Novice: 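My questions all concern the structure below.
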4 protein chains.
Amino acid sequence: MLNKVMLIGNLGADPEVRYMPSGDAITTIRLATTRRWKDRNSGDRKEETEWHRVVFFSGLAKTAGEYLKKGSQVYVEGRIRTQKWQGQDGQDRYTTEIVAESMNMLGSRSGGTANYSDNNTPPPSSYDQRPSAPSSSSGPQSAPASYDDFDDDIPF
Amino acid sequence: MLNKVMLIGNLGADPEVRYMPSGDAITTIRLATTRRWKDRNSGDRKEETEWHRVVFFSGLAKTAGEYLKKGSQVYVEGRIRTQKWQGQDGQDRYTTEIVAESMNMLGSRSGGTANYSDNNTPPPSSYDQRPSAPSSSSGPQSAPASYDDFDDDIPF
Amino acid sequence: MLNKVMLIGNLGADPEVRYMPSGDAITTIRLATTRRWKDRNSGDRKEETEWHRVVFFSGLAKTAGEYLKKGSQVYVEGRIRTQKWQGQDGQDRYTTEIVAESMNMLGSRSGGTANYSDNNTPPPSSYDQRPSAPSSSSGPQSAPASYDDFDDDIPF
Amino acid sequence: MLNKVMLIGNLGADPEVRYMPSGDAITTIRLATTRRWKDRNSGDRKEETEWHRVVFFSGLAKTAGEYLKKGSQVYVEGRIRTQKWQGQDGQDRYTTEIVAESMNMLGSRSGGTANYSDNNTPPPSSYDQRPSAPSSSSGPQSAPASYDDFDDDIPF
DNA sequence: TTTT
DNA sequence: TTTT
């Protein structure tokens, strides 16, 4: 019942943003996580880089598309999803990806706004997707990417 | 920016349920997690049990209060919170607890309804708190503990 | 740098155990995690089951092969790994799996030994893989499945 | 049985390093995690900072003591531990802390060696504690802080 | 006491 | 393809 993925890594390229007929954004990134270890016998340092396809929906997609870029370090939390599709040869293929449920930009101490676009929007340091909440960022060209549209108020 | 706790353990006692003036429930449990290891030198088996105070709010509180009981095995995800208070001697004291953000009852394959109260409500196997959503379970004595009141629909 | 997966689910079939030339076991399971939610518009209950291929090595493989079976509920922690291979048509294919780093059998209070094989070995409730430690449980037919072969002693 | 904590935060002060009679280091940090949300009714932005006491042992303690400093952003994984002690008034007191099991320095792209001490040691970007392995980095002034002393080799 |  |  639990299907949770937590990644900290760097983007191999700028995000790709697509749009749904509804106007909702879908953003995809390629995220590298590198594991380092010493070989048990030889003592050699080894490393292995794993590339993850991460998909963001709704408000998260907008934020990811705006603030992430090639090289960014990011924390992503989400779930694993494997999708089945048909190759041109008619055979089944499977693609596994991470559906992001929240993200956090990391290491943004150094630059401040310099890491982000040319306006002076405060950078999103934390964002939690709340798919059920009404998409409050109404209308085109609303205020730049409020990255915390939803309430999180817990009594007491 | 990340403050996440994940526990799998058993309740040491039945949940305690309190009510706010607003009528919202607040449920508290004591959860045991046991770590087992072998002593490096002696080779002896060792074990250590840690007790956690876990607090549930809103809809989660209702569910936890209804379905959990002494001995139940449960997965809890949440965050750490330390609260300061004053002892009678005027000195500062600190209490650390886990604020639950979601939970999952475990091991409920065997019994089905037997693990729960006397009605034949299907047991809640997964529940995600969405504090911002309106508390839809309207009115007293509504249908027994809808444990997934909120939408989670993600486009595509 | 972080690549972490946490799953709680049930096995869709008995584990498959293979052996390396070295004699080490490699165990593979198919694990189902089910997500439930309500459709935002229709209000309908929905659910989606995701199947994960989980691979265990070394001591973990032995334990998983011995104690897990079809239907078992288990907690698995590990990392995502995608492997590339060639189809018969010469095209690249990718398979994503979870490399297990620790596991926990769940819900085994109720049943006790009934959930396990015919001897009265206590069930493994927690196991941490320590790949670097020597595989101490040497020889055939050693004491039944010591599931915690390695030291975890932390000073103080 | 699972007792896992994952934190990403910033150090409020330089680490404190103590030494055991055995010579092993024990390092303690204060780590801030900040949660931000919007008030449900007023719509006001709110934030709350939680301070965590994190304790590192063995090799991890050495690394944490050497490379972390006030303001550093770090990922810490560990477990919750509550210790009981007696106040001067003879009453029981409890202190909850996080026992670190691994850590990762974050956001160190910008600075490179500038974030670290005056030698040109490569910064530790990932470190996993393996308490059971022999503390191989023996002797004073050994090669500067090998942050991955232990083997992690997993057979295919 | 950190950080954004 | 990223990063250290």
Side-chain angles (χ1 to χ4, degrees), chain A residues 7-16 28-37 45-54 63 67-76 104-116 120-127 147-148, chain B residues 1-3 82 84, chain C residues 1-3 82 84, chain D residues 7-16 28-37 45-54 63 67-76 104-116 120-127 145-148:
Chain A
L7 304 173
I8 296 176
N10 298 280
L11 278 77
D14 286 337
E16 288 180 23
T28 304
I29 62 171
R30 294 284 290 166
L31 195 66
T33 58
T34 301
R35 192 170 67 99
R36 289 166 228 275
W37 75 98
R45 295 274 172 113
K46 302 235 174 152
E47 72 170 57
E48 209 168 60
T49 294
E50 194 67 38
W51 287 97
H52 310 269
R53 176 186 159 87
V54 180
T63 310
Y67 292 107
L68 298 179
K69 63 179 192 202
K70 183 175 176 173
S72 298
Q73 190 180 37
V74 68
Y75 167 79
V76 172
N104 253 270
M105 296 197 60
L106 301 175
S108 38
R109 284 176 301 128
S110 55
T113 57
N115 290 321
Y116 308 97
N120 54 7
T121 305
S125 59
S126 175
Y127 188 96
Y147 54 87
D148 193 5
Chain B
M1 309 148 175
L2 178 70
N3 172 357
T82 298
K84 193 181 186 172
Chain C
M1 309 148 177
L2 179 70
N3 173 358
T82 298
K84 193 182 187 172
Chain D
L7 304 173
I8 296 175
N10 298 280
L11 278 77
D14 286 336
E16 289 181 20
T28 304
I29 63 172
R30 295 284 291 168
L31 195 66
T33 59
T34 300
R35 191 169 68 98
R36 287 166 230 275
W37 73 99
R45 294 275 170 113
K46 301 235 176 154
E47 73 170 56
E48 206 168 61
T49 294
E50 193 67 40
W51 287 97
H52 310 269
R53 175 186 159 88
V54 181
T63 310
Y67 292 106
L68 299 178
K69 63 179 193 201
K70 183 175 175 172
S72 298
Q73 191 181 36
V74 70
Y75 167 79
V76 172
N104 254 269
M105 295 196 60
L106 301 174
S108 39
R109 283 175 304 124
S110 54
T113 56
N115 291 322
Y116 309 96
N120 54 7
T121 306
S125 60
S126 176
Y127 189 95
S146 166
Y147 55 86
D148 193 3

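Lettering of chains follows the sequences in order, A, B, ..., and the numbering in each one begins at 1. Note that the structure is predicted; figures quoted are calculated from it, not measured.
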Novice: Just so I know, are the side chains of Leu31(A) and Leu11(A) near enough to count as touching, which here means a heavy-atom distance under 4.5 Å?
Specialist: yes
Novice: Is any side-chain heavy atom of Asn3(B) less than 4.5 Å from a side-chain heavy atom of Arg35(D)?
Specialist: no
Novice: Check side-chain hydrogen bond (donor to acceptor under 3.5 Å, both in side chains) between Thr28(A) and all other residues, then give those that pass, not counting sequence neighbours.
Specialist: none
Novice: How many Å lie between CG on Asn3(B) and C1' on dT2(E), as a whole number?
Specialist: 14 Å
Novice: Which whole-number value in Å describes the distance from Arg36(A) CZ to dT4(F) P?
Specialist: 9 Å
Novice: Got a donor-acceptor pair under 3.5 Å from the side chain of Arg30(D) to the base of dT2(E)?
Specialist: no
Novice: Rounded to the Å, how far apart are Arg45(A) CZ and dT3(F) C1'?
Specialist: 16 Å
Novice: How many Å lie between NE2 on His52(A) and C1' on dT2(F), as a whole number?
Specialist: 11 Å
Novice: Could you tell me how far apart Lys70(D) (NZ) and dT1(E) (P) are, to the nearest whole angstrom?
Specialist: 8 Å
Novice: Starting at atom CG of Asn10(D), determine the distance to atom C1' of dT3(E), rounded to an integer number of angstrom.
Specialist: 4 Å
Novice: Would you kindly compare Glu47(D) and Trp51(D) by the position of their nearest DNA chain E nucleotide and give the one closer to the 5′ end?
Specialist: Trp51(D)
Novice: Between the side-chain atoms of Thr49(D) and the base atoms of dT2(E), is any donor-acceptor pair under 3.5 Å?
Specialist: yes
Novice: Rounded to the nearest angstrom, tell me the gap between atom CG in Asn104(D) and atom P in dT2(F).
Specialist: 20 Å
Novice: Mind calculating the distance between CG (Leu2(B)) and P (dT2(E)) to the nearest angstrom?
Specialist: 21 Å
Novice: Can you sort out the partners of Glu16(A) under salt bridge (Lys or Arg N to Asp or Glu O under 4.0 Å), two or more places apart, ordered by chain and number?
Specialist: none
